[in-house]
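Read through the structure below, which is laid out as structure tokens, and then see the notes.
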Amino acid sequence: MKAIVQDRYGPPETLALADVDPPVPAADEVLVRVEAAALNAYDWHVMRGDPLLARLALGRSRPRARIRGRDFAGRVHAVGTRVRHLRPGDAVFGDLGDANGAFAEYVCVAETMVAPKPANLTPQQAAALPLAGSTALLGLRDAGRVAPGQRVLINGASGGVGTLAVQLAKALGATVTGVCSTRNVDLVRSLGADRVVDYRRDDFTRRDRRYDLVFDLVGNHSLTALRRALTPTGTLVLCGGGVYRGGSLLGPVALITRGRLLAPFVRQRIVAPATAPGRAYLDTLRGYAESGRLTPVIDRCYPLPEVPAALRYLENEHARAKVVITV
């Protein structure tokens, strides 16, 4: 089968389209013929081995997982002997987690990491949901404990997670402020944001308006500035993935670490949740999608051989919403 492989850390040019052996499903796995896969900030972090500290988990000299990509949508091709809820031909979507491998014609995935595709979404839209949607759901509902009527600010509202977070926050009953660049103001407003802040003209951390929850997806403000935008008992959720700026030791981990160290000593809640992908999140996202309350926005689609170009577009801060690969 064709797949995008990588044998050393580096820029998009280190990725190559190659012929590899197709995976064979274990007893509790399904083999999926991939129709679409989505890019995330996670993918360029792994590709670059950035921040350097992450290489302790990813692999010291090269990524342990040779094939890139984790979010996918497609059709079940074969099932293992212990799979009970899926059959060949089923349309599914899922997240491979740290195993990676979605930028390929076929993937093997545990039954617990895949779910039926939302019936009203295309494969490209469904592939855009797993990691970004789970991150938004975890940050708002689980870590953020958003309640109806609360004021929520999403910093990075036009990104892959942000465009989904705006919609989910509205579905949870919040009054939503989205922060984005000038060119994305209309997009964020169209997703349901009650107010949009153009960060090129205004700094939300220096205004008098206070929020019950600040969901930071960028990591471009200090803890002091972010806390200044909160109510005295508000919640700060840190999930900034950042963009590539030439390599770093800690990257977004630095802000998250400072937040965790400060959290026990302040009234405001500071949380930095780690996304735990799985069937429960996928089922919830499918429910929101099929009810019409959550629709992934796709910026661009690329064919499988052009994954390097897609990642270059994503990591240079030009992308908005989701970038998707058609297989």
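Given the structure is predicted, the values throughout are model-derived calculations rather than measurements. By convention here, the first residue in the shown sequence is residue 1.
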Measure the shortest side-chain to side-chain distance between Val237 and Val214 over non-hydrogen atoms and say whether it is less than 4.5 angstrom.
no
Answer yes or no: is there a donor N or O on one side and an acceptor on the other, between the side chain of Gln6 and the main chain of Met47, under 3.5 Å?
yes
Output, in order, the C-alpha distance, side-chain angles, deciding distance and verdict of side chain to side chain donor-acceptor pair (under 3.5 Å) for Tyr281 and Asp95.
CA-CA 10 Å; Tyr281 283 99; Asp95 180 350; over 6 Å; no
If we ignore hydrogens and angles and just use 3.5 Å, is the side chain of Arg260 paired with the main-chain N or O of Ala272 as donor and acceptor?
yes
Do Asp194 and Thr175 have side-chain atoms, one donor and one acceptor, less than 3.5 Å apart?
no
Quick one: does Leu131's side chain get under 4.5 Å of Arg70's, heavy atoms only?
yes
Side chain Gln167, main chain Thr295, donor-acceptor under 3.5 Å
yes
Check which hydrophobic residues are tied to Ile298 through side-chain heavy-atom contacts below 4.5 Å, counting indirect links as well, and list them.
Val324
Sort and list the pairs that fulfil side chain to side chain donor-acceptor pair (under 3.5 Å) and have at least one residue in residues 106-120, not counting sequence neighbours.
none
Can you confirm whether Arg227 sits close enough to Val266 that some side-chain heavy atom of one is under 4.5 Å from a side-chain heavy atom of the other?
yes
Are more than 12 heavy atoms from other residues, nucleotides or ligands located less than 6.0 Å from atom CZ of Arg228?
yes
Write down the atom of Ala102, the atom of Ala37, and the distance for their closest heavy-atom approach.
O-CB, 3.7 Å
To the closest 0.5 Å, what do you measure between CG (Leu17) and CD1 (Ile4)?
4.5 Å
Connected via hydrophobic side-chain network under 4.5 Å: Leu86 and Leu31:
no
Are any non-hydrogen side-chain atoms of Gln268 and Thr233 less than 4.5 angstrom apart?
no
Is Tyr9 reachable from Val5 through a run of I, L, V, M, F, W or Y residues, each pair having side-chain heavy atoms under 4.5 Å apart?
no
Test item: Asn40 side-chain N/O and Asp43 main-chain N/O as donor-acceptor pair under 3.5 Å
no
Within the 4.5 Å heavy-atom criterion, are Leu311 and Leu39 side-chain neighbours or not?
yes
Are the side chain of Gln150 and the backbone of Ala147 linked by a donor-acceptor contact shorter than 3.5 Å?
yes
Common cluster, Leu191/Val196, ILVMFWY with side-chain heavy-atom separation under 4.5 Å
yes
Going through the checks in order, is the side chain to side chain contact (heavy atoms under 4.5 Å, CB included) test met by Leu172 and Tyr288?
CA-CA 11 Å; Leu172 292 168; Tyr288 279 116; 3.6 Å; yes
Under the criterion side chain to side chain contact (heavy atoms under 4.5 Å, CB included), I'd like the reasoning laid out for Arg66 against Val20: C-alpha separation, chi angles, the key distance, then a yes or no.
CA-CA 10 Å; Arg66 189 174 183 230; Val20 300; 4.0 Å; yes
Going from CG on Leu153 to OG1 on Thr205, what distance comes out if it is rounded to the nearest 0.5 angstrom?
10.0 Å
Any link between Trp44 and Tyr313 through a network of hydrophobic side chains (Ile, Leu, Val, Met, Phe, Trp, Tyr) touching at under 4.5 Å?
yes
Does any donor atom in the side chain of Asn155 or Tyr199 lie under 3.5 Å from an acceptor atom in the other side chain?
no
Going from CG on Leu255 to CG on Leu238, what distance comes out if it is rounded to the nearest 0.5 angstrom?
5.0 Å
Is a donor on one side and an acceptor on the other found under 3.5 Å between the side chain of Gln125 and the backbone of Thr122?
yes
Heavy-atom closest contact (Ala65 atom, Ala99 atom, distance)
CB-O, 3.4 Å
Just how far is it from atom CZ of Phe103 to atom CG of Leu96, taken to the nearest 0.5 Å?
10.0 Å
Option from Asp71, Asp98, Thr135 for which side chain to side chain donor-acceptor pair (under 3.5 Å) with Tyr42 holds
Asp98
Linked, directly or transitively: Val327 and Met1 (ILVMFWY side chains, under 4.5 Å):
no
Stepwise side chain to side chain contact (heavy atoms under 4.5 Å, CB included) test for Val92 and Val30:
CA-CA 10 Å; Val92 296; Val30 296; 5.9 Å; no
On a heavy-atom basis, the closest approach of Pro308 and Pro12 is O-CB, 3.3 Å
Distance-only polar pair, side chains of Ser291 and Arg293, donor-acceptor under 3.5 Å
yes
4.5 Å side-chain heavy-atom contact, Val32 and His77:
no
Taking every heavy atom of Ile325 against every heavy atom of Ala310, the minimum-distance pair comes out as CD1-CB, 3.8 Å
Do Val114 and Phe72 come close enough that some side-chain heavy atom pair is under 4.5 Å?
yes
Smallest separation among heavy atoms of Ala73 and Pro123, with atom names
CB-O, 3.3 Å
Give a yes or no on whether a salt bridge exists between Asp19 and Lys2, defined as a side-chain N under 4.0 angstrom from a carboxylate O.
yes
Looking only at non-hydrogen atoms, find the nearest pair between Phe215 and Gly139 and report the distance.
CZ-CA, 3.8 Å
Does the side chain of Arg320 come under 3.5 Å of the side chain of Asn184 through a donor N or O and an acceptor N or O?
yes
Honestly, is Arg209 close enough over Phe204, meaning NZ or CZ under 6.0 Å from the six-membered ring centre and within 45° of the axis?
no
Carboxylate-amine/guanidinium proximity below 4.0 Å for Asp90 and Arg75
no
First locate atom CG of Leu15, then atom CD1 of Ile67, and finally report the distance between them rounded to the nearest 0.5 Å.
12.0 Å
List the steps and the verdict of side chain to side chain contact (heavy atoms under 4.5 Å, CB included) for Val152 and Thr177.
CA-CA 6 Å; Val152 172; Thr177 295; over 6 Å; no
Test salt bridge (Lys or Arg N to Asp or Glu O under 4.0 Å) applied to Asp203 and Arg201, Arg206, Arg207, the passing residue:
Arg206
Any side-chain heavy-atom pair of Pro11 and Arg48 under 4.5 Å:
yes
Could you measure the distance from the OG1 atom of Thr235 to the CG atom of Leu213? Nearest 0.5 Å is fine.
6.0 Å
